[in-house]
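Nothing here was measured: the structure is a model prediction, and the numbers come from that model.
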Amino acid sequence: MRTRRSLTALLFLATLTFSNAQDIPVDYKLGENYSDRYKYSTVLAIDRSAKEQTVLVRTYYGGMPLRAKGHFIEVYDTELNLVADYNYKYAGKHMVDGFVKNGQLYLLELVYDHKDEAYNYVVHQSPLDEFNFTERKLLSIPSKEVINPLAVSKYNQKFGNGFSTATHFNDDRSAFAVTVHHREGKEEKYHIYLYGTDLKLQLDYDFSANIEEKNYAFENIEVSKDLKELYLMGKAFFKKEGLT
């Protein structure tokens, strides 16, 4: 596999040692400066492998107006030397996040299936040592298509969309929760799904009864070690009165 030098930004690791409130020494390490062929890009995910390698996934854009063209993947060793890269020439319409587990890179995508009239969470998976992506469906939710299914409002009292979903990882990225707020006929439905990063479903909870009086916008999660308990933190809005 040929390695390109691609990253413009200087990656660095910083360790803060607090001796007192007035003296904050900083130790840092700078990686090599690489030229970047993808000037228009955003970071989709950054994670660390079991070998302590840093894996960076960027969505890159092109054309006029700019639109997503694909995903550029870079792997750095512990000294921040670029050891591998790969151009995954698949843009996707709604790429959500990514993570590393057991030497594999996983990318989560939200796709609308017009034939089945459903939103599907699809996993793109590839080994890190030899990139070769495969796909599989993780979750499917029947719904009409909306303009932006990832637009979760944290400030509105009313759910004005027909479908809205979000994905939240815990701090050590060993699990992630998928929240789905949508309509079934005239009824609002809210489901919460918890997956380990082995992609096994650990929890499927119908949260619909809780949204009769409030709308919820979750921001962070934590899970128990056995992945049997899920804690969600965020905002709740009374539909008639306002924020709680």
Query raised in the report: If we ignore angles and hydrogens, is there a donor and acceptor under 3.5 Å between the side chains of N87 and D85?
Result: no

Report task. May I ask whether V123 and L110 are part of the same hydrophobic cluster, defined by side-chain heavy atoms of I, L, V, M, F, W, Y residues being less than 4.5 angstrom apart, directly or through others? Result -> yes

Query raised in the report: Between atom CD1 of I221 and atom CG of D171, what is the distance when rounded to the nearest 0.5 Å?
Result: 9.0 Å

**Report entry** Stepwise side chain to side chain contact (heavy atoms under 4.5 Å, CB included) test for V57 and M95
**Finding:** CA-CA 11 Å; V57 182; M95 298 302 285; over 6 Å; no

Query raised in the report: What pairs with Y60 under ring-ring contact (aromatic ring centres under 6.0 Å, His included), at least two apart in sequence or on another chain?
Result: Y38

Query raised in the report: Does any non-hydrogen side-chain atom of F72 lie less than 4.5 Å from one of Y86?
Result: no

Query raised in the report: Going hydrophobic residue to hydrophobic residue with side-chain gaps under 4.5 angstrom, can you get from Y231 over to Y205?
Result: no

Query raised in the report: D113: what forms a side-chain contact (heavy atoms from CB on, under 4.5 Å) with it, not counting sequence neighbours?
Result: K115, D116, N120

Query raised in the report: Linking I/L/V/M/F/W/Y whenever any side-chain heavy atoms sit under 4.5 Å apart, do V223 and F218 land together?
Result: yes

Query raised in the report: Can you name the ring-ring contact (aromatic ring centres under 6.0 Å, His included) partners of Y90, sequence neighbours left out?
Result: Y88, H124

Query - L108 with V122, same ILVMFWY side-chain cluster at under 4.5 Å - result: no

Report task. Without swapping roles, check the side chain of T197 against the backbone of A175 for a donor-acceptor pair under 3.5 Å. Result -> no

Report summary line: Residues passing the salt bridge (Lys or Arg N to Asp or Glu O under 4.0 Å) test with E135, sequence neighbours excluded, are none

Report summary line: Residues passing the salt bridge (Lys or Arg N to Asp or Glu O under 4.0 Å) test with E52, sequence neighbours excluded, are R48

Report summary line: Heavy-atom nearest pair, S140 first then A118, reads OG-CB, 3.6 Å

**Report entry** Interatomic spacing from CG in D206 to NE2 in H191 - rounded to 0.5 Å
**Finding:** 4.0 Å

Query - side chain to side chain contact (heavy atoms under 4.5 Å, CB included) between F133 and L107, worked out - result: CA-CA 10 Å; F133 279 94; L107 302 179; 4.1 Å; yes

Query raised in the report: Got a sec, which residues hit side-chain contact (heavy atoms from CB on, under 4.5 Å) with T59, two or more places apart in sequence or on another chain?
Result: T42, L44, Y61, A68, H71

Query raised in the report: With sequence neighbours excluded, what pairs up with D77 under the side-chain contact (heavy atoms from CB on, under 4.5 Å) test?
Result: E79, N81, V83

Query raised in the report: Can you name the nearest heavy-atom pair linking H181 to N215, along with the distance?
Result: CE1-OD1, 3.8 Å

Report task. Output all residues satisfying side-chain contact (heavy atoms from CB on, under 4.5 Å) with K51, sequence neighbours left out; order by chain, then residue number. Result -> S49, Q53

Report task. Just jot down the side chain to side chain donor-acceptor pair (under 3.5 Å) partners of E117, sequence neighbours excluded, or say none. Result -> none

Query - side chain to side chain donor-acceptor pair (under 3.5 Å) involving D204 - partner list, sequence neighbours excluded - result: none

Query raised in the report: At what distance, to the nearest 0.5 angstrom, does CG of L56 lie from OG1 of T54?
Result: 9.0 Å

Query - Minimum heavy-atom distance K228-S224, with the two atoms named - result: N-OG, 3.2 Å

Query raised in the report: So, N210 side chain and K214 main chain: donor-acceptor pair closer than 3.5 Å or not?
Result: no

Query - R183 side, atom CZ; K189 side, atom NZ - distance, nearest 0.5 Å - result: 12.5 Å

Query - Beyond-backbone contact of Y119 with V111, side-chain heavy atoms, under 4.5 angstrom - result: no

**Report entry** Donor-acceptor under 3.5 Å (N102 side chain, Q104 main chain)
**Finding:** no

Query - Contact summary for T167 and F169, nearest pair of heavy atoms - result: CG2-CE1, 4.1 Å

Query raised in the report: For L139 and V178, which heavy atoms make the closest approach, and how far apart are they?
Result: CD2-CG1, 4.1 Å

Requested in this report: For side chain to side chain contact (heavy atoms under 4.5 Å, CB included), just list the numbers for Y106 and L199, CA-CA rounded to whole Å, side-chain angles, deciding distance to a tenth of an Å, and then say yes or no.
Outcome: CA-CA 10 Å; Y106 300 87; L199 300 182; 3.9 Å; yes

Query - With Y195 via ring-ring contact (aromatic ring centres under 6.0 Å, His included) - residues at least two apart - result: F176

Report task. Measure up the Y112 and H114 rings against each other and bin them: parallel (under 30°), tilted (30 to 60°), perpendicular (over 60°). Result -> perpendicular

Query raised in the report: Taking side chain as C-beta onward, heavy atoms only, is M233 less than 4.5 Å from E219?
Result: no

Query - Pairs meeting criterion salt bridge (Lys or Arg N to Asp or Glu O under 4.0 Å) with involvement of residues 88-108, two or more places apart - result: K93-E145, D97-R173

Report task. Output the distance between atom CD (E188) and atom OG (S164), rounded to the nearest 0.5 Å. Result -> 11.0 Å

Query raised in the report: Should F207 and L227 be counted in the same cluster of Ile, Leu, Val, Met, Phe, Trp and Tyr side chains packed under 4.5 Å apart?
Result: yes

**Report entry** Pair I46-V55, side chain to side chain contact (heavy atoms under 4.5 Å, CB included): steps then yes or no
**Finding:** CA-CA 6 Å; I46 184 167; V55 181; over 6 Å; no

Report task. Give the minimum heavy-atom separation between K69 and A91, together with the two atoms involved. Result -> C-CB, 3.7 Å

Report task. Supply the atom-to-atom distance L232 CG to H168 NE2, rounded to the nearest 0.5 angstrom. Result -> 7.5 Å

Query raised in the report: Hey, are T165 and Y121 close enough side-chain-wise for a donor-acceptor pair under 3.5 Å?
Result: yes

